[in-house]
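To start, the structure under review is shown below, and the notes come after it.
Order of listing sets the numbers, starting from 1, for every ligand and every atom in it. Computed over heavy atoms, backbone and side chain alike; hydrogens, waters and symmetry mates excluded. Here the structure is a predicted model, which means the values were calculated and not measured.
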Amino acid sequence: MVLDDLSDSLKGTLKKIVNAVYVDSKLIKEIVRDIQRALLQADVNVKLVLEFSKKIEKRALQEKPPAGMSNREHVIRIVYEELANILGAARELPIKKQVIMMVGLYGMGKTTTCGKLATYFKKKGLRPVLIAGDVHRPAAYEQLKQIAEQVKVPFYGDKKEKDAVEVVKNGINKFKRTVDVIIVDTAGRHKLEDELIDEMKEIFKATKPDEKLLVIDAAIGQQAGPQAKAFHDAVGITGIVLTKLDGTAKGGGALSAAAEVGAPIVFIGTGEHPGDFEKFDPTGFISRLLGMGDIKALLEKAEESLKGKDAEKTARRIMSGKFTLHDMYDQMDMISGMGSLRKIADMLPGSLPGKNKIKDEDMEDTEEKLRKFKVIMDSMTDEEMNNPNIIRASRIKRIARGAGVENKNVKELLKYYNVMRRTMKGLSGNRKMRKSLMRQLQFGK
Ligand SMILES: Nc1nc2c(ncn2[C@@H]2O[C@H](COP(=O)(O)OP(=O)(O)OP(=O)(O)O)[C@@H](O)[C@H]2O)c(=O)[nH]1
Ligand SMILES: [Mg+2]
């Protein structure tokens with residue numbers, strides 16, 4: 001993953017907490033120093049690091065852990081929360097019809113990011129087009145055209161037209177009825193000079209983009225802050241894309257500095273290929289950086305907590321009726337093979353209407369089916385995963401297109417989900433069934 005060094009040192013620090021005999025002020029001071037060092041090495045701004053470490057120290061020494069949480073867990077949680085804070089608020093681009101315009105200086109990765117965005121929206125079932133709004137660099141047209149061919153989306157450009165506003169306007173007019181997401185590449189410049197600002201303002205005025213995304217190369221480190229601020233002040237951006245996080249130790253500096261500007265980081269680029277692209281979510285990012293899975297396991301070991309606690313937690317949540325597609329996704333990872341699913345299905349209370357029972361032939365080719373289900377779920381938005389009953393005809397169509405399956409496959413997934421949900425709910429009233437389900441979930445691991 002990106003920021004491997006930072007990740008390693010933070011994990012090492014958290015391990016110190018886990019392995020310590022006592023969590024006292026001496027230990028807290030020590031880990032705060034460790035984290036400071038790690039963040040500074042990742043190019044995070046000194047002032048930000050100092051503020052951050054003061055907050056951690058204060059909270060860790062003063063706040064009492066909430067009931068049921070140990071001191072260790074509490075301190076780890078504080079570190080996690082404060083680190084996520086540095087990275088700003090999460091924002092997800094909406095999955096809807098829209099015009100997206102890229103802006104940024106020379107060579108930052110605008111054109112490459114156009115292809116990545118197209119891939120992202122295509123995966124979500126929307127139809128993108130790429131428009132070559134960079135009329136200054138002769139090779140820009142060909143570069144974007146090739147990217148469009150590579151990611152298999154339509155392309156619009158006009159080699160003879162030297163007015164960027166005209167090209168973009170014509171492109172939008174030509175495609176606005178047949179595509180969903182219009183992605184416009186624009187020209188880079190050496191620095192944010194008046195000429196560039198004027199051209200951007202003109203394009204924005206003529207085309208009214210929904211999103212104005214600033215693309216910044218993470219290798220410039222903390223300079224990402226002033227650069228983003230200058231663009232934000234001049235033309236008001238709606239989000240930041242940080243590219244090339246794969247190849248730089250300065251990613252921490254770029255991430256933290258960009259987050260301070262007031263426009264959220266929406267995506268990060270982690271390579272040259274169209275798929276090397278991630279939706280940016282601060283808390284998820286920090287979880288991975290800290291290896292929260294590992295840490296949790298360690299904590300449990302250190303405190304000799306109950307075996308199978310994870311499975312029990314999942315089972316409890318599922319049975320409380322809050323069974324979402326996210327749960328089902330996680331569960332599919334957990335339950336290996338239909339053996340256990342079949343057993344769970346067999347525990348269906350008799351009261352369940354027969355038509356909702358999972359038929360034997362549906363149980364066949366399980367691996368294949370589960371794999372397909374996951375691909376389908378990857379085309380859903382977070383909102384849809386959390387709240388599957390909003391998925392009606394038009395969303396089904398979009399999701400199917402994104403996943404490259406037929407509408408009926410999406411309906412089948414929803415049907416399966418509903419059976420699972422009802423099963424879980426049915427079980428929750430019955431103690432024997434509950435125990436049995438917990439056992440199933442544990443065995444399935
Ligand atoms: N490793 C890596 N390389 C990237 C990433 N994004 C872009 N690049 C590379 O950076 C170089 C410049 O990318 P472009 O997309 O052409 O940048 P641009 O902003 O359009 O450049 P101009 O149009 O000249 O202003 C290319 O060689 C890309 O392959 C990334 O996330 N990781
Ligand atoms: Mg370009």
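Ring pair F373/Y416 is tilted by interplanar angle, where 30° to 60° counts as tilted.
At least one N or O atom of D246, backbone or side chain, sits closer than 3.5 Å to an N or O atom of ligand 1. No N or O atom of T186 sits closer than 3.5 Å to an N or O atom of ligand 1. Residue M108 places at least one N or O, backbone or side chain, under 3.5 Å from an N or O of ligand 1. Residue T112 places at least one N or O, backbone or side chain, under 3.5 Å from an N or O of ligand 1. Polar contact check, T113 against ligand 1: no nitrogen or oxygen pair lies under 3.5 Å apart.
For T283 and D281, the side-chain atoms include at least one donor-acceptor pair closer than 3.5 Å. Side-chain atoms of H232 and Q227 form no donor-acceptor pair, as typed in the model, at a separation below 3.5 Å.
A salt bridge does not link K55 with E81: none of the charged nitrogens is closer than 4.0 Å to a carboxylate oxygen. In summary, K110 and D185 do not engage in a salt bridge, as defined by a charged side-chain N under 4.0 Å from a carboxylate O. Ion pairing between K201 and D198 fails under the 4.0 Å rule for side-chain N and carboxylate O. Looking at R398 and E384, a side-chain N of the basic residue comes within less than 4.0 Å of a carboxylate O on the acidic one, giving a salt bridge.
When hydrogens are left out, the protein atom nearest atom 21 (O) of ligand 1 is G107 N, 3.0 Å; that is the closest non-hydrogen contact.
Heavy-atom separations between G104 and ligand 1 are all 4.0 Å or longer.
Of the heavy atoms in T270, only backbone atoms (N, CA, C, O) come closer than 4.0 Å to ligand 1. Within the 4.0 Å heavy-atom criterion, both parts of T111, backbone and side chain, lie near ligand 1. At a 4.0 Å heavy-atom cut-off, ligand 1 does not touch M102 at all.
Distances from the Mg ion (ligand 2) show that T112 has no N/O/S atom below 2.8 Å.
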| task | Determine, step by step, whether R288 and E278 satisfy the salt bridge (Lys or Arg N to Asp or Glu O under 4.0 Å) criterion, reporting the C-alpha distance in whole Å, the side-chain angles of both residues, the deciding distance to 0.1 Å, and the verdict. | result | CA-CA 13 Å; R288 271 191 298 156; E278 291 175 25; 2.8 Å; yes

